[in-house]
Amino acid sequence: MRVTITIPYNAYQALIERSNHQGRSLSNLAAYLLETSLQALHPVEQGQNRSDVMDGFQRRA
């Protein structure tokens with residue numbers, strides 16, 4: 001999925017520097033940071049497999 005957001009200039013600069021340091025695209029880094037922060041807020045319960053989870057949230061039937 002694609003999402004457009006507006007972020008403060010300082011956050012943008014920090015993301016650019018970190019993505020360059022890690023050798024990854026800005027988009028890839030932003031997606032990774034967003035997904036890991038969502039998973040930290042809502043950890044996947046034990047017993048669920050990755051196919052039942054979409055972006056840190058359980059899929060609805």
Side chain proximity check, Val3 to Leu34, heavy atoms < 4.5 angstrom: no

Close side-chain approach of Leu15 to Ile7, heavy-atom, < 4.5 Å: yes

Hey, any chance Ile5 and Leu29 share a hydrophobic cluster, counting ILVMFWY side chains that come within less than 4.5 Å of each other, even indirectly? yes

Side chains of Gln22 and Asn28: closer than 4.5 Å at any heavy-atom pair? no

Among the clusters formed by ILVMFWY side chains lying less than 4.5 Å apart, do Leu26 and Tyr32 turn up in the same one? yes

